[in-house]
Asks: 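Submitted below is the structure of interest, expressed as structure tokens.
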Amino acid sequence: MTRPDHGEPLVNAAGARLARASDALAMRIDGPPVEWTIAEGLVPYAQAVEAMEARAAAIAAGEVAEQVWLVEHPPLYTAGTSADDADLVDPGRFPVHRTGRGGQYTYHGPGQRVAYAMLDLTRRRQDLRLYVAALEDWLIGTLGHFNVRGERREDRVGVWVRRPEKGAAVEDKIAAIGIRVRRWVTYHGIALNVEPDLSHFSGIVPCGVAEHGVTSLVDLGLPVTMPEVDSILRAEFERVFGPTVTR
């Protein structure tokens, strides 16, 4: 979905479908590396949004470098611009934050790796469909390192895995995508379920999709740690988007 936002559109993965994986590589640039930052502890969501908005504005002004900021949040639900109030099943369970990213309701909490990507598309490709496809490629490549086949779906957001042990048609969501773009600088980003409490998703209809469930790497029988996932996320980000530097 799109809407005006200071002359640039706001999108989510439902409105930005698949580009070829080779096209996603067009997001790579020759230039200063992207700052790669991992937050310590749990970052309050409102604090994260404020920091992202300030950083994106500074990037657009040419004052600072691009950044990927990896965080975990305390348990909460966030409502994107397309959120349906009926999808908030248990409104008293966790705090609910209305946010400017694309998408519907989602859950954030400990054990979920959220990666906020603040990238200047004027230095890459000013193509939002390609950008979202590149985010999907980043996630799918990361999952592949753990022998998990992540897949896109034309009719719903996120990255999905088939669960044949539960039934031939069963699929679970393992990662979400929601972005905002202002002055062609992106913010918000991706959320990959590493080892969150999956019961916490029951307070919402995640991304408006009631007929499918959610999963995580640990739920799939992969006892990986967050640092292990972060290392692979970084390598796959560099494959798709270009070099990084630790900050």
Side-chain angles (χ1 to χ4, degrees), residues 1-16 24 27 34-39 42-60 64-83 95-109 112-122 124 126-139 142 156-159 173-193 196 204 206-208 230 233 237 240-241:
M1 298 182 180
T2 63
R3 70 168 175 78
D5 181 22
H6 297 280
E8 314 298 349
L10 171 68
V11 304
N12 62 28
M27 280 289 158
V34 177
E35 293 187 2
W36 187 267
T37 306
I38 302 177
L42 300 180
V43 178
Y45 187 77
Q47 176 184 323
V49 172
E50 182 180 359
M52 276 192 292
E53 290 179 343
R55 181 77 182 213
I59 292 169
V64 297
E66 298 173 302
Q67 182 185 41
V68 173
W69 185 27
L70 275 61
V71 307
E72 291 178 82
H73 291 303
L76 76 146
Y77 299 128
T78 66
T81 56
S82 303
V96 178
H97 289 259
R98 300 281 171 177
T99 183
R101 63 158 175 81
Q104 303 183 51
Y105 278 102
T106 194
Y107 165 78
H108 293 313
Q112 181 189 72
R113 176 50 85 204
V114 177
Y116 292 130
M118 289 154 277
L119 304 178
D120 185 354
L121 297 188
T122 66
R124 298 170 182 275
Q126 290 173 268
D127 183 330
L128 295 178
R129 293 173 63 88
L130 177 59
Y131 176 61
V132 174
L135 294 177
E136 292 171 333
D137 191 36
W138 177 21
L139 284 164
T142 298
R156 56 187 187 270
V157 300
V159 175
K173 186 174 185 177
I174 195 167
I177 297 173
I179 71 167
R180 190 166 185 172
V181 181
R182 182 174 293 168
R183 296 173 62 191
W184 288 108
V185 175
T186 69
Y187 55 113
H188 294 279
I190 65 170
L192 174 61
N193 295 334
I204 56 171
C207 297
D230 290 347
L233 277 169
F237 178 89
V240 177
F241 292 98

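Residues: numbered from 1 along the sequence shown. Predicted model only: the values in this text are computed from it and were never measured.
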Asks: Taking it one step at a time, do E72 and R113 satisfy side chain to side chain contact (heavy atoms under 4.5 Å, CB included)?
Replies: CA-CA 6 Å; E72 291 178 82; R113 176 50 85 204; 3.8 Å; yes
Asks: So I59 and R182, do their side chains get closer than 4.5 Å, heavy atoms only?
Replies: no
Asks: Side-chain donor-acceptor pair under 3.5 Å between T78 and Y45, yes or no?
Replies: no
Asks: Measuring from atom CH2 of W184 to atom CG of L128, what distance do you get when rounded to the nearest 0.5 angstrom?
Replies: 4.5 Å
Asks: Hey, could you give me the CD1/CZ distance between I177 and R101, rounded to the nearest 0.5 Å?
Replies: 12.0 Å
Asks: CD1 of I190 to OG1 of T142: how many Å apart, nearest 0.5 Å?
Replies: 6.5 Å
Asks: Which heavy atom in V34 sits nearest to a heavy atom in V68, and how many Å separate them?
Replies: CG1-N, 3.7 Å
Asks: Is the shortest side-chain heavy-atom distance between Y116 and T186 below 4.5 Å?
Replies: no
Asks: Return the minimal non-hydrogen interatomic distance between P74 and V43, and the atom names on each side.
Replies: CD-O, 3.3 Å
Asks: L192 pairs by side-chain contact (heavy atoms from CB on, under 4.5 Å) with which of V114, V159, L139?
Replies: L139
Asks: If you round to the nearest 0.5 Å, how far is NE2 of H73 from CG of L42?
Replies: 9.5 Å
Asks: Excluding sequence neighbours, so at least two apart, what forms salt bridge (Lys or Arg N to Asp or Glu O under 4.0 Å) with E35?
Replies: R55, R247
Asks: Donor-acceptor pair, distance only, cut-off 3.5 Å: does the side chain of R98 make one with the backbone of G80?
Replies: no
Asks: Is any side-chain heavy atom of R124 less than 4.5 Å from a side-chain heavy atom of F241?
Replies: yes
Asks: How about H188 and V49: do any of their side-chain heavy atoms sit closer than 4.5 Å?
Replies: yes
Asks: Can you find a pair of side-chain heavy atoms, one from P206 and one from Y107, that are under 4.5 Å apart?
Replies: no
Asks: Kindly compute the distance separating CG (N193) from NE2 (H108), expressed to the nearest 0.5 Å.
Replies: 10.0 Å
Asks: Using side chain to side chain contact (heavy atoms under 4.5 Å, CB included), reason through M27 and L121 one step at a time and then give a plain yes or no.
Replies: CA-CA 8 Å; M27 280 289 158; L121 297 188; 4.2 Å; yes
Asks: Ignoring hydrogens, what is the shortest heavy-atom contact between W138 and A115? Give both atom names and the distance.
Replies: CH2-CB, 3.8 Å
Asks: For residues G102 and T81, report the shortest heavy-atom separation together with the two atoms involved.
Replies: CA-OG1, 3.8 Å
Asks: Measuring from Y187:OH to R180:CZ, what's the distance to the nearest 0.5 Å?
Replies: 4.0 Å
Asks: So which atom in E66 and which in D120 form the shortest heavy-atom distance, rounded to 0.1 Å?
Replies: OE2-N, 2.7 Å
